[in-house]
Amino acid sequence: MKKILATVLCLILCMSAACAFAADINFVTAGTASTFYPISATVVGLWNEAIEGMRAVATPSGGGIDNLNQAYDGEAQIGIANANLVYQAQEGLASFEDYANENLRIFAGLYINPNQVVVTKDSGINGLSDLEGKRISIGAAGSTTVDEASVHLGALGKTLDDIRAEYMDTSTAADAVSNKLLDGVWIMAGTPNAAVTQIMTTTDSRLMPITAEEVEVLKADYPWYAACEIPAGTYAGQDEAVPTSGVKLTLFITADVDEETVYQMTKVFWENWDMLTETHAALKAADPKEACNDVAGVAIHDGAARYYKEIGLL
């Protein structure tokens, strides 16, 4: 009987060792036509090949809010979302009111999406305080840029009612500037952006600065903001870097994925970075050295932190 028990225990231990890295990981990003869905498909392929027992899949989704809702429901373990959404989901704010998810952690910070406010030179707009009374397109109703404009004006004690806000998509707004129907357009996107390129190329316009001091004021209430720059030469006629505000795009992961698994996932992700950036140009905007910065104070998963400590980032 003792021999049988010993054999059973041995089998259990062997099975446990074999499954040490076993995991069911659902990676959500956005729709199949998006930039990031094919990236997620490549990454899960790397994980499944390199990590023993890993079972990861890439699943299309509705984007950041949907990804975080799926994490709350236990349907996804890792996904992409801007740092502000991860913070709000963790704290149960805004779209996530009454649904706080303390189970959220950061896997990696990728790159900052900057606010780009392009204004005509004859508008007299040189900064946020000059927007009052001006005709500014702040994006389609319900878009991220509507919130961005509202928050930035709020830091000055102003509201959207203090500007002549227009709700246009970016291509329509670019045409409106060309036809002198607008003083400026508010866009939040990676650089270079096609609409900003069109405006800067076809009209006498410039990028409006948002100073580092103004970003610090924003961060008092909105800790996800980061000061950044739009590099000189990004657009026609832009001879100098322009300071602005931005929010980091992140990969979040749930805390219930075990430390060893996340360590292996993080290691495989970054040690294949050259291949990933060659295959997916969108990732070239990310700086691996900044993976732990500007993530709104959301904790980095212990497994990811272990890897970042090994390479000197933490």
Side-chain angles (χ1 to χ4, degrees), residues 82 84 111-219 222 224-249 282 285:
N82 280 338
N84 61 317
Y111 57 81
I112 293 174
N113 278 322
N115 280 293
Q116 302 179 67
V117 187
V118 57
V119 298
T120 61
K121 289 183 179 178
D122 60 9
S123 67
I125 299 171
N126 295 304
L128 285 171
S129 60
D130 298 322
L131 292 176
E132 187 170 359
K134 303 298 183 180
R135 299 166 298 174
I136 307 295
S137 173
I138 56 174
S143 66
T144 297
T145 46
V146 174
D147 288 337
E148 289 298 312
S150 178
V151 166
H152 283 70
L153 288 168
L156 300 176
K158 305 292 183 182
T159 71
L160 294 180
D161 292 335
D162 291 307
I163 66 173
R164 296 164 64 184
E166 300 288 346
Y167 298 85
M168 304 177 182
D169 62 61
T170 53
S171 60
T172 302
D175 291 337
V177 174
S178 297
N179 292 321
K180 300 186 177 181
L181 300 175
L182 290 173
D183 296 307
V185 181
W186 197 303
I187 294 171
M188 188 185 207
T191 58
N193 174 266
V196 178
T197 297
Q198 177 183 336
I199 296 169
M200 295 286 284
T201 303
T202 62
T203 69
D204 194 15
S205 298
R206 61 171 172 252
L207 290 167
M208 183 196 81
I210 299 174
T211 67
E213 291 76 15
E214 288 169 329
V215 175
E216 286 303 310
V217 172
L218 288 171
K219 288 174 71 172
Y222 307 98
W224 50 80
Y225 280 109
C228 58
E229 286 186 337
I230 300 171
T234 300
Y235 298 108
Q238 183 207 344
D239 298 328
E240 297 181 354
V242 177
T244 190
S245 61
V247 178
K248 181 160 274 189
L249 185 67

- Message: Working note: Val119 + Asp183, criterion side-chain contact (heavy atoms from CB on, under 4.5 Å); need CA distance, chi angles, decisive distance, verdict.
- Response: CA-CA 6 Å; Val119 298; Asp183 296 307; over 6 Å; no

- Is there a side-chain hydrogen bond (donor to acceptor under 3.5 Å, both in side chains) between Thr172 and Asp169 once you walk through the steps? CA-CA 6 Å; Thr172 302; Asp169 62 61; 2.9 Å; yes

- Is the ring centre of His152 less than 6.0 Å from the ring centre of Tyr225? yes

Counting only N and O atoms by type, is there a donor-acceptor contact under 3.5 Å from the side chain of [X] to the main-chain atoms of [Y]?
X	Y	value
Asn193	Ala195	yes
Lys134	Gly184	no
Thr159	Asp161	yes
Thr203	Met200	no
Ser150	Val146	no
Gln238	Glu240	yes
Asp130	Asn126	yes

- Query: Does the pair Leu131 and Ile125 meet the rule for a side-chain contact (heavy atoms from CB on, under 4.5 Å), with working shown?
  - Reply: CA-CA 6 Å; Leu131 292 176; Ile125 299 171; 3.8 Å; yes

- Do the side-chain N and O atoms of Glu148 and Thr145 include a donor-acceptor pair separated by under 3.5 angstrom? no

- Stepwise side-chain hydrogen bond (donor to acceptor under 3.5 Å, both in side chains) test for Asn115 and Ser245: CA-CA 6 Å; Asn115 280 293; Ser245 61; 3.0 Å; yes

- Message: Can you list everything that forms a ring pair (Phe, Tyr, Trp, His ring centres under 6.0 Å) with Tyr111? Sequence neighbours excluded, please.
- Response: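 Listed in chain order: nothing, the list is empty.
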
- Task: With side-chain hydrogen bond (donor to acceptor under 3.5 Å, both in side chains) as the test, would you mind laying out the steps for Tyr235 and Gln116 before giving the verdict?
- Result: CA-CA 11 Å; Tyr235 298 108; Gln116 302 179 67; 2.5 Å; yes

- Task: Could you check if a side-chain atom of Met208 sits within less than 4.5 angstrom of a side-chain atom of Val118, using non-hydrogen atoms only?
- Result: no

- Task: Hey, could you give me the OG1/CG distance between Thr202 and Asp175, rounded to the nearest 0.5 Å?
- Result: 8.5 Å

- Item | Atom pair CG/CD1 of Leu249 and Ile112 - distance to nearest 0.5 Å |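 CD1 of Ile112 is found 10.5 Å from CG of Leu249.
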
- Task: Give the C-alpha distance, both sets of side-chain angles, the deciding distance and a yes or no for side-chain contact (heavy atoms from CB on, under 4.5 Å) between Trp186 and Thr170.
- Result: CA-CA 9 Å; Trp186 197 303; Thr170 53; over 6 Å; no

- For the pair Arg135 and Glu166, find out whether any cationic side-chain nitrogen is under 4.0 Å from an anionic carboxylate oxygen.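 No, this pair does not count.
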
- Applying the side-chain contact (heavy atoms from CB on, under 4.5 Å) test to Thr191, which of Val196, Thr234, Thr244 qualifies?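 The side-chain contact (heavy atoms from CB on, under 4.5 Å) with Thr191 is passed solely by Thr234 among Val196, Thr234, Thr244.
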
